[in-house]
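Residues: numbered from 1 along the sequence shown.
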Amino acid sequence: MALPCQKNCALYREGCHKACGQWKSFQQKQALERQKEKAFLREQREIYAQLERQWYQSTHPCRIY
């Protein structure tokens, strides 16, 4: 897998990404985006589960005899 900076960076050399400030910044941005995406998906999953419970309760009312 090629590094995203490999083709665009004039200072690229083998292994330079390990000490490159731009690469570390890129990695931090990627990590932040992944965290945001996970939080969004978690929130949507919770909303869907709540709607599903509400639907189930409305279609399967508790019957007391």
- Message: Under the criterion side chain to side chain contact (heavy atoms under 4.5 Å, CB included), I'd like the reasoning laid out for Lys36 against Glu33: C-alpha separation, chi angles, the key distance, then a yes or no.
- Response: CA-CA 5 Å; Lys36 286 180 183 179; Glu33 288 298 316; 4.0 Å; yes

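Considering only residues two or more places apart in sequence or on other chains, Lys29 meets the side chain to side chain contact (heavy atoms under 4.5 Å, CB included) condition with Ser25.
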Side-chain donor/acceptor pairs under 3.5 Å, residues 41-59, sequence neighbours excluded:
from  : atom 1 : to    : atom 2 : distance (Å)
Ser58 : OG     : Gln54 : O      : 3.4
Ser58 : OG     : Trp55 : O      : 2.8
Thr59 : OG1    : Trp55 : O      : 3.0
Thr59 : OG1    : Tyr56 : O      : 3.2

